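Counting starts at 1 for both ligands and their atoms, in listed order. Since we're looking at a predicted model, the values are computed, not measured. These values consider heavy atoms only, across backbone and side chains, with no hydrogens, waters or symmetry-generated copies.
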Amino acid sequence: MITVKEASEIVLNNIQDFGTEEVSLEHSVNRILKENLTADRDFPPFNRVSMDGIAIQFESYQNGHGIFEIEGLQAAGSPQKTLKNKANCLEAMTGAVLPKNTDTVIRYEDTEIENGQAKITIEEIRFKQNAHQKVTDRKAGDILVKSGNIISPAEIGVAATIGKTHLKVAKLPKVVIISTGDELVEVSEKPLPHQIRKSNVHNLWATFLRWGIQAEKRHLNDEKEEIRKGLKECLKNFDVIVMSGGVSKGKFDFIPEILEELGVQKLFHRVRQRPGKPFWFGRSDEATVFAFPGNPASTFMCANRYFRPWLRASLGLDSFEYQYAVLEEDFEFKPDLTYFLQVKISYQKDGQISAKPIAGRGSGDLANLADADGFMELPRGQNLFKKGDAHPVIIYR
Ligand code: AMP
Ligand code: MG
C-alpha cells in the first residue's frame with residue numbers, strides 16, 4: 001500500500017491540459033488567466049489632481065504669494081484648462097487633469113475662500129503636492145498582471161481599466177460525479193429503513209462548484225452491467241470521473257475491476273490513510289478517474305487532498321501551499337496511517353491558526369463534518385500529537 005505522499009505524487013504526475021477559452025469579464029472571476037494583461041496607456045494617463053482644492057504654480061507661492069485670485073474651475077472629466085495669469089489659481093477637483101501652467105494643489109481644508117480669492121492658511125507647501133504625476137504608477141506596455149494568476153476582484157479591476165471586455169482563461173474540465181450503491185435514494189425521497197439518502201454526490205458537487213466547476217451527477221447501482229454501461233458512457237463524454245463508493249473489499253464493490261476492464265489504467269489502489277484507505281486512481285486516454293471510498297468523510301477529504309491539487313496543477317497554477325495550524329489539545333492515534341483529523345479552526349490574535357480536534361465517530365459520521373472546519377494531516381509513524389505542534393490543515397469552510 002502506498003503512502004499519502006506517494007499517492008499525491010502520482011496524482012500530480014498525471015495532470016491534464018484542458019486548453020484555453022475566452023470568457024467575458026463578468027464570467028472570469030476565480031478563473032485562471034492565460035494571457036498577460038498589459039497597460040494600454042500610462043498610469044495615470046495624465047497628471048491627476050488627487051485632492052479637491054486650488055491648483056497653483058508653485059513658483060508664485062515661493063515668490064511670496066499667499067492669496068490667489070480664482071480664475072475658474074477644472075472639473076473631473078473636462079478637457080485640460082490653462083491658468084492664464086501665473087499669480088492666480090484654478091479650483092481643481094479630484095480626478096481632474098491638472099490645469100496647464102499649474103503644478104501644485106492645495107486642499108480646500110488648507111485655504112480660506114472669500115470674494116473670489118483663495119488664501120493659503122498653512123505654513124508648508126511642497127512642490128507638486130496632491131498632483132498624481134503621469135506614468136508614475138506604470139507606463140504603457142508594462143505587464144500589469146502575469147498569465148497564470150487567479151482572477152480575483154483586483155485583476156477584474158485592472159482588466160476593466162485597460163479595456164478588456166473578454167479574457168483568455170484556462171478551460172475547466174468536464175466533470176461527472178457518480179454515486180454508487182443499492183442503498184442510496186434521492187434527496188427528495190423518503191428512505192426505507194434499510195436505505196439512506198445520497199449525500200456525497202451533493203457534497204462533491206458543492207465542493208467543485210467552489211472551485212468553479214459545474215459537475216454533472218449520475219448514479220449507478222451495484223450491478224455489473226449497469227456499472228459497465230454507465231462508466232463507458234462517462235469515459236467517452238467527460239474529462240474527469242469522480243466516483244464515491246464501491247472500491248473497498250465488499251462483495252458488491254465492482255468498480256476497480258470494471259474500470260480496468262474498460263481500459264482505465266490503475267495507477268494506485270489503497271493509500272495508507274484514514275479516512276479514505278480504499279481510494280482508487282487511474283486514467284485512460286479519455287479521462288482521469290478518481291474513485292473515492294463511499295464514506296462521506298473519505299470522499300470529502302480525498303476530494304480536498306487529491307482532486308483539488310490535481311485541478312490546480314492541471315490549470316497551470318503553482319503547487320498548493322498548505323496552511324499550518326497548531327493543535328489545541330493532545331491527540332492520540334495509534335494505527336500506522338496518515339490520519340486526517342477533523343478540526344475546528346480558530347484564528348488567534350497573535351496570527352496563529354489553532355485547531356481543536358473534533359474526531360467524530362469515524363468516516364461515516366457525516367454530521368461531524370458540519371461541526372468541524374477542516375482536516376488536519378497528522379503524519380504516520382507517530383502515536384501522540386502534542387498540544388502546540390503545528391501540522392498542515394485543509395480548511396473547507
Ligand atoms: P462503499 O465505499 O460503497 O463501501 O460505501 C461505504 C459507506 O458509505 C456505506 O455505508 C455507504 O452506504 C456509504 N455511502 C456510499 N456512497 C454514499 C453516498 N453517495 N452518500 C452517502 N453515503 C454513501
Ligand atoms: Mg457501496
shortest atom 21 (C) of ligand 1-to-protein heavy-atom contact is with Ser199 OG, 3.2 Å

Just need the protein heavy atom nearest to atom 10 (O) of ligand 1, so name the residue and atom and give the distance. Asn295 OD1, 4.3 Å

Protein contact of atom 12 (O) of ligand 1 - nearest heavy atom, named by residue and atom, plus distance: Glu183 OE2, 2.5 Å

Would you call Glu9 and Lys5 a salt bridge, using N to O less than 4.0 angstrom? yes

May I ask whether Phe292 and Phe340 are part of the same hydrophobic cluster, defined by side-chain heavy atoms of I, L, V, M, F, W, Y residues being less than 4.5 angstrom apart, directly or through others? yes

the protein heavy atom lying closest to atom 22 (N) of ligand 1 turns out to be Ile196 CD1, 3.6 Å

Check for me whether Ser244 has a heavy atom closer than 4.0 Å to any atom of ligand 1. yes

for atom 17 (C) of ligand 1, nearest protein heavy atom and its distance come out as Asn200 ND2, 3.2 Å

Give the ring-plane orientation class for Phe375 versus Phe300, where under 30° counts as parallel, over 60° as perpendicular and anything between as tilted. perpendicular

Using the ring of Trp280 (Phe, Tyr or Trp, six-membered ring only), decide whether Lys266 places NZ or CZ under 6.0 Å from its centre and within 45 degrees of its axis. no

Side chains of Gln16 and Thr288: any donor to acceptor distance under 3.5 Å? yes

Residues Arg31 and Glu155 bridged, charged N to O under 4.0 Å: no

Does an N or O anywhere in Lys198 fall below 3.5 Å from an N or O of ligand 1? no

Under 3.5 Å side-chain donor-acceptor pair for Glu91 and Tyr108: yes

Distance to 0.1 Å, residue and atom name: give those for the protein heavy atom nearest to atom 14 (N) of ligand 1. Gly294 O, 3.2 Å

Gly181 near ligand 1 by a heavy-atom separation under 4.0 Å: no

Taking distance alone, with N or O pairs closer than 3.5 Å, would you say Gly246 contacts ligand 1? yes

